[in-house]
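Scroll down for the structure; my scribbles are underneath it.
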Amino acid sequence: MTLHDYHIARERMVREQLEANGIRSERVLTAMRTVPRHRFLGGDAGSEAYSRHAFPIGFSQTMTQPYMVAYLTEHLLLEGHETVLEVGTGSGYQAAVISSLVPRVYSIERIRELAERARGVLDALGHVNVRIKVDDGALGWPEEGPFDRILLTAAATEIPESLLHQLCEGGFLLGPVSRNENEQEIIKLVRQGTKYSFERLKDCAFVPLIRDGRGHDTSVISDLADLC
Ligand code: SAH
């Protein structure tokens, strides 16, 4: 496929999957029109990169489907000044979309190979305002917090408390939580002082957030450490 073909595939994705399903934010639609999703899939994914489904990225993980990426980004209610923490870098695509809307994104991935691959694509595309670290994302990134927004892109069975402590006053966490083995929903937890208000937004299907105690083998993956 040529660059022009990819451009057309993206326009179509925005029209048929996002606008047709209620995504309204012009800023989010522009980001989804701009970020070349196919580049995050490696190899030649062709127009499949812009289809409706989640896409395999190896290691039994998936890149979230375009509609859900747009839905989550829209619900982050970004005005343009926020600092965002993402848990579950995966391909790096969601981080890229968010990074075109805010000055700084931090993203944590537990699988080193995915983190390194994502770093490579983000650097190649100039998304130098994304920092990535290999770790258990449930621990957050306390040195860089607090965050205005925390986005989970893997489904937790319960919200890790350490993440909540890394939210700014009035900030919120958004992401999938498992209700039981087969059902998940997107929830939103807003920090108000020492209390948190809770809202259920939508049913969903994400890969699980894995808590395996990894956290000792941590490192920031940064080819451009001095710039980010
Ligand atoms: N945001 C990604 C979606 C990736 S799928 C994208 O745009 O492509 C979820 C990712 O979360 C997977 O890569 C998985 O390895 C990662 N993950 C699962 N549990 C994790 C944990 N405890 N800490 C950090 N990453 C985790």
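When a ligand or atom number is given, it counts from 1 through the structure's own listing order.
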Next on the checklist: Between H53 and S51, is the side chain to side chain donor-acceptor pair (under 3.5 Å) condition met? List the steps.
Outcome noted: CA-CA 6 Å; H53 9 271; S51 66; 3.2 Å; yes

Return a yes/no value for [X]: is any of its N or O atoms, backbone included, closer than 3.5 angstrom to an N or O of ligand 1?
{"X": "G137", "value": "yes"}
{"X": "L209", "value": "no"}
{"X": "I210", "value": "yes"}
{"X": "T64", "value": "no"}

Next on the checklist: I'd like the name of whichever of G88, P176, A96 reaches closest to atom 1 (N) of ligand 1 through any heavy atom.
Outcome noted: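 Considering heavy atoms of G88, P176, A96, the nearest to atom 1 (N) of ligand 1 sits in G88.
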
Next on the checklist: Q17 vs Y67, test: side chain to side chain donor-acceptor pair (under 3.5 Å). Steps then yes/no.
Outcome noted: CA-CA 6 Å; Q17 298 178 47; Y67 170 75; over 6 Å; no

Checklist entry - Going by an N to O cut-off under 4.0 Å, is there a salt bridge joining E11 and R15? => result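 The answer is no: the pair does not qualify as a salt bridge.
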
Checklist entry - Salt bridge check: are R179 and E185 linked by an N-O gap of less than 4.0 Å? => result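 Looking at R179 and E185, the cut-off is met.
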
Item to check | Protein contact of atom 4 (C) of ligand 1 - nearest heavy atom, named by residue and atom, plus distance | outcome: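 Looking only at protein heavy atoms, the one closest to atom 4 (C) of ligand 1 is T62 O, 3.2 Å.
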
Checklist entry - Which heavy atom of the protein is the closest neighbour of atom 25 (N) of ligand 1, given with residue, atom name and distance? => result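 Going by distance alone, atom 25 (N) of ligand 1 is nearest to R110 N, 3.3 Å.
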
Please confirm whether [X] comes under 4.0 Å of ligand 1, counting heavy atoms of the residue only.
{"X": "P208", "answer": "yes"}
{"X": "T89", "answer": "yes"}
{"X": "I57", "answer": "no"}

Only heavy atoms of [X], strictly under 4.0 Å: list the atoms of ligand 1 that pass.
{"X": "I108", "answer": "24 (C), 25 (N)"}
{"X": "E86", "answer": "1 (N)"}
{"X": "L114", "answer": "13 (O)"}
{"X": "D135", "answer": "23 (N), 24 (C)"}
{"X": "V207", "answer": "5 (S), 9 (C)"}
{"X": "S91", "answer": "6 (C), 7 (O), 8 (O)"}

Next on the checklist: Which residue is it: T73, T64, T89? I am looking for the one with a side chain to side chain donor-acceptor pair (under 3.5 Å) to Q94.
Outcome noted: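 It is T73; the other options fail the test.
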
Item to check | Residue pair V69 / Y93, side-chain heavy-atom distance below 4.5 Å | outcome: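 Answer yes - side chains close enough.
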
Next on the checklist: For E109, which part has a heavy atom under 4.0 Å from ligand 1: side chain, backbone, both, or neither?
Outcome noted: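 Both the backbone and the side chain of E109 come within reach of ligand 1.
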
Checklist entry - Backbone, side chain, both or neither: what part of I111 comes under 4.0 angstrom of ligand 1, heavy atoms only? => result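 Side chain only; the backbone of I111 stays clear of ligand 1.
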
Next on the checklist: Can you classify the ring geometry of H38 versus Y6 as parallel (below 30°), tilted (30 to 60°) or perpendicular (above 60°)?
Outcome noted: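 The rings of H38 and Y6 lie parallel, inter-plane angle below 30°.
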
Checklist entry - Do L72 and L201 sit in the same hydrophobic cluster, where Ile, Leu, Val, Met, Phe, Trp and Tyr count as joined when their side-chain heavy atoms come under 4.5 Å apart? => result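 Yes, it is one cluster - the side chains of L72 and L201 are joined through contacts under 4.5 Å.
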
Item to check | Ring-face cation of K133 near Y106 (centre distance under 6.0 Å, axis angle within 45°) | outcome: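 Geometry flag: not set, cation outside 6.0 Å or 45°.
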
Item to check | Residue from L78, L167, T83, V84 passing side-chain contact (heavy atoms from CB on, under 4.5 Å) with D148 | outcome: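 Among the candidates, only T83 passes.
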
Next on the checklist: Counting only heavy atoms not in H81 (residues, nucleotides, ligands), do more than 12 fall under 6.0 Å from its NE2?
Outcome noted: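 More than 12 within 6.0 Å, yes.
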
